[in-house]
Amino acid sequence: VHDYVIVGAGSAGCVLADRLTEDPGVSVLLLEAGPSDRNPKIRIPAAFSQLFQTAVDWSLRTAPQSQLDGREVYFPLGRTLGGSSSINAMMVLRGHPVDQDSWPVGWSFAEVERYYARSAAGPFPLADARDRNPLTAAFVESAVAAGLMRRDDLNGLETEGVGLVPVSQRRGRRFSVADGYLRGARRRPNLTVVTGAHAMRLQLSDSRVEGVEYRLGGSTELARAERETIVCAGAVGSPALLLRSGIGPAGELAAAGVVTTHDLPGVGKGLRDHLASGLIAHTVAGVATLARAESLGSLARWLVAGRGPLTSNVAEAAAFVRTREDLVAPDLELIFAPVPFEEEGLVKPTRDGVTIAAILLQPRSEGEVRLRSADPLATPVVDPQYLSDPDGHDAAVLLHGLRLARRILEREPLAGFIASEALPGADAQTDDALMSHLRARSQTLYHPVGTCRMGTDELAVVDPELRVRGLDAIRVVDASVFPALPRGHTNWPTVMVAERAADLIRARR
Ligand SMILES: Cc1cc2nc3c(=O)[nH]c(=O)nc-3n(C[C@H](O)[C@H](O)[C@H](O)COP(=O)(O)OP(=O)(O)OC[C@H]3O[C@@H](n4cnc5c(N)ncnc54)[C@H](O)[C@@H]3O)c2cc1C
């Protein structure tokens, strides 16, 4: 028996495992379904998409998306120590202070600022990329020429403008949340980490959660928590575990063949994600893009000195834009990558080129995570329902972004490096033509949130202290509790949530 059982060693789980075991009198068991994070490619920043569809990726696909030509969009999620922070693009962009406005009491920007500071001061350092591709500076200059503001710090109190992206790296290598928090904590005798442990169901006794049943190798084990079970399985894994345990909308659970233990209608609902649509252009001869990063020479340089193109996190610069003057904060992001990012990152680029992706920061479309079956080892259905908002707001923002990306591409100095637009192609000028591109090729930016939303209303899953409403000794702490998508990326906000959760849990004792 441990004091705390944590399910999922992702961004949030690693933070909690570390913070809770700072007290030597507290014992913690951390269960992770995936393997350890020893795969050497995890360390190589430019190789992050080569981790796709390997043993450290859940390799999901969405349900067919009716507004995206019925496509089942590839949906990677980390499945190893560090979770998604071990396969992500390492961009550290927390969003805008107004993102906290829709969060419950205790979570205002003024209140969470110190958790951002506490993480950045030690285990979650923000680094400058070491060796950016020269085209990235050209992108920033061209964006300024196209009318965007230059912004040196994209994590400041204002974010509008264009700038270089800070990264989760040390000496040119990925520095995941497992590196920052878990590595040191694992030396403590009061922390036990078990990999290959797939949580199947929570164990309930009346309204108290006693622990979790998990699969390890061929056998089923029970982990008992004296104080609390903390679910950190991510925005897909956490609602799935609750639903499999009978915690969720009673009608839907019955239809999936699961006995309801606690009727909680919001579990799995309210899924929001960042949709991205890329514009790809070929570069003129003689320009070295990251398409050539993979060579013995660059590998040697990276191994010996932690320098060179393999240190690139690919997404080297970003811009935050308000598509309408009356907005208080950006609703559109552009990301620049000095490489063609094609086919959802599943193919290696064969030609030199660049990508400018438009990202819909504040989608109105809302989807859900639901059970495929009662089988505790089956992956759930992820259905973001991209671009499903009835008034077409979401598509309009992305169209705005594609046109802006094109205007930047046509400005010097970047224009001087560009041979031709490859996708959607220069002849795609009308809204209809750009819409076809959106439907055929948009992809996730991998930021699902909201499926175990915090709040005090009927559809809230956890209360503002992240305790599952109506049950005892159980919390959810990860990206699933976000009440809204940040106007930025989700890793640092997840770390912030877990840092504050650690204080809430410690204060209770
Ligand atoms: C490819 C990719 C690129 C990204 N790029 C960026 C970026 O550049 N910047 C940024 O800010 N964000 C990025 N993100 C998003 C960011 O990494 C995530 O939002 C963040 O890591 C979420 O943390 P989490 O703790 O909620 O979940 P995760 O980190 O996903 O952790 C969940 C953990 O729980 C485990 N788990 C799930 N189910 C079970 C179970 N039943 N039993 C046991 N364990 C289980 C999983 O294996 C995983 O380790 C990216 C994500 C991906 C996938």
Side-chain angles (χ1 to χ4, degrees), residues 40-54 56-57 74 76 78 84-93 126-140 143 154 162-170 172-176 274 276-283 287-295 298-299 301-302 306-319 333-359 405 409 414 417 422-423 441 443-447 488-491:
K41 281 194 175 164
I42 291 177
R43 307 266 82 80
I44 307 178
F48 82 87
S49 60
Q50 291 185 28
L51 299 166
F52 289 177
Q53 298 186 342
T54 67
V56 297
D57 177 10
Y74 170 54
S84 296
S85 82
S86 290
I87 71 164
N88 75 9
M90 290 151 280
M91 305 170 77
V92 188
L93 296 167
L126 280 64
D128 284 330
R130 279 190 144 185
D131 281 305
R132 291 190 193 89
N133 188 281
L135 289 171
T136 298
F139 165 78
V140 172
L154 291 172
V162 61
L164 301 170
V165 172
V167 290
S168 297
Q169 290 184 10
R170 260 199 190 163
R173 288 165 166 77
R174 176 193 298 275
F175 194 71
S176 71
H274 283 150
S277 174
L279 186 146
I280 294 177
H282 296 313
T283 41
V287 176
T289 70
L290 290 178
R292 308 178 199 194
E294 213 180 308
S295 70
S298 15
L299 187 60
R301 224 179 136 205
W302 178 80
R307 300 217 81 108
L310 290 181
T311 65
S312 172
N313 72 317
V314 181
E316 296 186 354
E333 180 182 354
L334 296 182
I335 292 180
F336 176 78
V339 71
F341 197 82
E342 283 174 276
E343 310 280 330
E344 305 177 311
L346 291 171
V347 298
K348 280 193 193 175
T350 52
R351 279 190 65 169
D352 281 312
V354 301
T355 305
I356 303 179
I359 290 94
L409 212 57
L414 191 56
F417 298 104
L423 279 174
R441 296 187 185 266
Q443 62 156 81
T444 173
L445 201 75
Y446 333 109
H447 296 163
H489 297 214
T490 43
N491 197 32

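Excluded from the calculations below are hydrogen atoms, water molecules and symmetry mates; all remaining heavy atoms, backbone and side chain alike, are included. Every value quoted in this text rests on a predicted model; they were computed, and no experiment measured them.
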Separation of [Y] [atom2] from [X] [atom1] (nearest 0.5 Å):
X: I87; Y: F48; atom1: CD1; atom2: CZ; value: 9.0 Å
X: L445; Y: H274; atom1: CG; atom2: NE2; value: 7.5 Å
X: D131; Y: T311; atom1: CG; atom2: OG1; value: 4.5 Å
X: N491; Y: M90; atom1: CG; atom2: CE; value: 10.5 Å
X: E333; Y: H489; atom1: CD; atom2: NE2; value: 3.5 Å
X: L423; Y: E342; atom1: CG; atom2: CD; value: 6.5 Å

What heavy-atom pair brings [X] and [Y] nearest, and what distance separates the two atoms?
X: S176; Y: R43; value: OG-NH2, 4.5 Å
X: P309; Y: A46; value: O-CB, 3.8 Å
X: A288; Y: N133; value: O-ND2, 2.9 Å
X: L310; Y: A293; value: CD2-O, 3.6 Å
X: A317; Y: V140; value: CB-CG2, 4.1 Å
X: I356; Y: A405; value: CG2-CB, 3.6 Å

Check side chain to side chain contact (heavy atoms under 4.5 Å, CB included) between [X] and all other residues, then give those that pass, not counting sequence neighbours.
X: D352; value: T283, T289, A291, R292
X: F175; value: P125, R170, D179
X: R132; value: D128, A129, T136, L164, E316

Between L126 and V167, does a side-chain contact (heavy atoms from CB on, under 4.5 Å) hold up when you go through it step by step? CA-CA 6 Å; L126 280 64; V167 290; over 6 Å; no
Whether the side chain of T444 engages the backbone of Y446 through a donor-acceptor N/O pair (distance < 3.5 Å, no angle test) should be reported.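 Present.
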Checking S298 side chain against G308 main chain: does a donor-acceptor pair fall under 3.5 Å?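 Checking the backbone N and O of G308 against the side chain of S298, no donor-acceptor pair under 3.5 Å is found.
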I would like to know whether N313 and R174 meet side-chain hydrogen bond (donor to acceptor under 3.5 Å, both in side chains); could you show each step before the answer? CA-CA 9 Å; N313 72 317; R174 176 193 298 275; over 6 Å; no
Quick one, S168 and N88 - any side-chain contact, counting heavy atoms below 4.5 Å?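 The answer is no, as the side chains (C-beta and beyond) never meet within the 4.5 Å cut-off.
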Would you call V314 and L290 a side-chain contact if the rule is heavy atoms closer than 4.5 Å?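 When only atoms from C-beta onward are counted, L290 and V314 do touch, with a gap below 4.5 Å.
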Mark yes when over 12 heavy atoms from residues, nucleotides or ligands other than R307 sit less than 6.0 Å from its CZ; otherwise mark no.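 Yes, enclosed.
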Look at the aromatic rings of F336 and F139 and report parallel, tilted or perpendicular, splitting at 30° and 60°.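 Rings of F336 and F139: parallel, as their planes differ by under 30°.
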Decide side-chain contact (heavy atoms from CB on, under 4.5 Å) for L51 and I42; before the verdict, give the C-alpha distance in whole Å, the side-chain angles of both, and the deciding distance to 0.1 Å. CA-CA 7 Å; L51 299 166; I42 291 177; 4.0 Å; yes
Looking at P76, S84, S86, which one forms a side-chain contact (heavy atoms from CB on, under 4.5 Å) with D57?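 Of all the options given, the one that passes is P76.
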Tell me whether R173 forms a cation-pi arrangement with W302, defined as NZ or CZ under 6.0 Å from the six-membered ring centre and within 45 degrees of its axis.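 Output yes; distance and angle both within limits.
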Go through it in stages, so that I can follow the logic: the residues are E343 and R441, the test is salt bridge (Lys or Arg N to Asp or Glu O under 4.0 Å), and I'd like the CA-CA distance, side-chain angles, deciding distance and then a yes or no. CA-CA 8 Å; E343 310 280 330; R441 296 187 185 266; 3.7 Å; yes
